[in-house]
Amino acid sequence: MKKEIRFLCDSMCGDIALWLRAAGHDTLLVKGEMADKEIYKTAIQEQRILITRDKEFLQRKGAQEIVCLLTSNHFNQHIKLLNQKLSLNWVFKPLSRCLLCNCILEDAPLEVIDKLKPKIRADFNKFYICPNCKRVYWPGGHATRMLDKLRYFQTL
């Protein structure tokens, strides 16, 4: 069985981090000011692939093993590169993680569902919550569009 790949995206790769989370991959995003040394150390300690646009990371010892450098200015080229280098599965566990904080979503309790707008409660029967940031998710049209895009990424 193939080991799950975990990621650390530097602050220049926030869009990639969001889509990796949407695909169900454990993906941390560097926010704010964090020294490159600390970013690299975190990737090593947590056994994560570092996704970056900063070619200076490639000069570090062992970088070829953990750094995935995105060299293009085009998002779809980033996806293509990730597919080539990592054989990435974009439908790994789709929509199972919080897009904001990366936690695995849980079934939303009734008291949370009851606070949603009546139209949303009437139109959907499954709701999820992030145990960390408390954001609520449901399988609306946005989820269908995201799944379609993840399937498209799989073809690049």
Side-chain angles (χ1 to χ4, degrees), residues 1-109 112 127-156:
M1 186 166 126
K2 194 172 181 179
K3 184 181 173 190
E4 179 180 347
I5 304 173
R6 296 166 13 121
F7 298 96
L8 173 62
C9 293
D10 73 10
S11 58
M12 293 183 279
C13 299
D15 53 349
I16 294 293
L18 179 129
W19 285 103
L20 286 168
R21 288 174 179 172
H25 296 285
D26 182 350
T27 306
L28 298 182
L29 175 62
V30 174
K31 291 185 178 180
E33 295 297 318
M34 186 176 189
D36 287 357
K37 180 180 178 181
E38 290 303 310
I39 293 170
Y40 194 73
K41 181 179 171 185
T42 299
I44 291 170
Q45 287 178 338
E46 297 187 16
Q47 298 180 337
R48 293 179 180 275
I49 299 291
L50 173 58
I51 299 175
T52 184
R53 299 199 61 201
D54 184 350
K55 56 185 161 214
E56 302 225 347
F57 278 109
L58 290 177
Q59 297 172 4
R60 296 178 179 270
K61 182 181 177 185
Q64 297 300 326
E65 309 296 318
I66 66 164
V67 175
C68 184
L69 181 68
L70 303 179
T71 55
S72 171
N73 289 324
H74 303 284
F75 181 78
N76 281 355
Q77 290 299 320
H78 295 166
I79 300 300
K80 193 180 248 185
L81 180 77
L82 290 171
N83 289 346
Q84 291 168 350
K85 286 190 172 185
L86 305 171
S87 300
L88 205 54
N89 181 358
W90 289 98
V91 288
F92 175 61
K93 294 179 183 173
L95 309 179
S96 62
R97 288 188 173 272
C98 179
L99 300 177
L100 297 178
C101 67
N102 192 47
C103 287
I104 296 173
L105 300 178
E106 300 175 349
D107 289 339
V112 169
F127 299 91
Y128 304 94
I129 189 168
C130 173
N132 181 51
C133 71
K134 307 302 181 199
R135 183 174 180 175
V136 180
Y137 294 84
W138 58 89
H142 60 288
T144 302
R145 288 187 296 280
M146 288 181 84
L147 280 168
D148 288 345
K149 196 161 189 171
L150 290 169
R151 288 184 192 106
Y152 170 70
F153 291 167
Q154 200 69 32
T155 68
L156 293 177

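- The two residues D10 and L50 have their closest heavy-atom pair at N-CD1, 4.4 Å.
- Here the CD1 atom belonging to I79 is positioned 4.0 Å from the CD1 atom belonging to I16, to the nearest 0.5 angstrom.
- The local environment of CD in Q154 is crowded, with over 12 non-hydrogen atoms from other residues, nucleotides or ligands closer than 6.0 Å.
- Distance check: L58 CG to I66 CD1 gives 10.0 Å after rounding to the nearest 0.5 Å.
- Between D148 and R145, none of the side-chain N atoms (NZ, or NE/NH1/NH2) sits under 4.0 Å from a carboxylate O, so this pair counts as no salt bridge.
- Atoms NZ and OG1, on K149 and T144 in that order, are 14.5 Å from each other to the nearest 0.5 Å.
- Around CD1 of I104, the count of heavy atoms belonging to other residues, nucleotides or ligands within 6.0 Å does not exceed 12.
- The two residues L150 and A22 have their closest heavy-atom pair at CD1-O, 3.6 Å.
- Between atom CD1 of residue I51 and atom CG of residue L20 there is a gap of 5.0 Å, rounded to the nearest 0.5 Å.
- Counting heavy atoms of neighbouring residues, nucleotides and ligands inside a 6.0 Å radius, atom NZ of K55 does not exceed 12 of them.
- Here CG of L105 is found 8.5 Å from CG of L95. Values are rounded to the nearest 0.5 Å.
- At least one side-chain heavy atom of I39 sits under 4.5 Å from a side-chain heavy atom of D36.
- Ring planes of H25 and W90: perpendicular class, angle over 60° (limits at 30 and 60°).
- Judged by distance alone, with hydrogens and angles left aside, the side-chain atoms of R48 form no donor-acceptor pair with the main-chain N or O of R6 at under 3.5 Å.
- Relative ring orientation between F57 and Y40 is described as parallel, the plane-to-plane angle staying below 30° on a 0-90° scale split at 30° and 60°.
- Taking CG from L29 and CG from L99, the interatomic distance works out to 12.0 Å, rounded to the nearest 0.5 Å.
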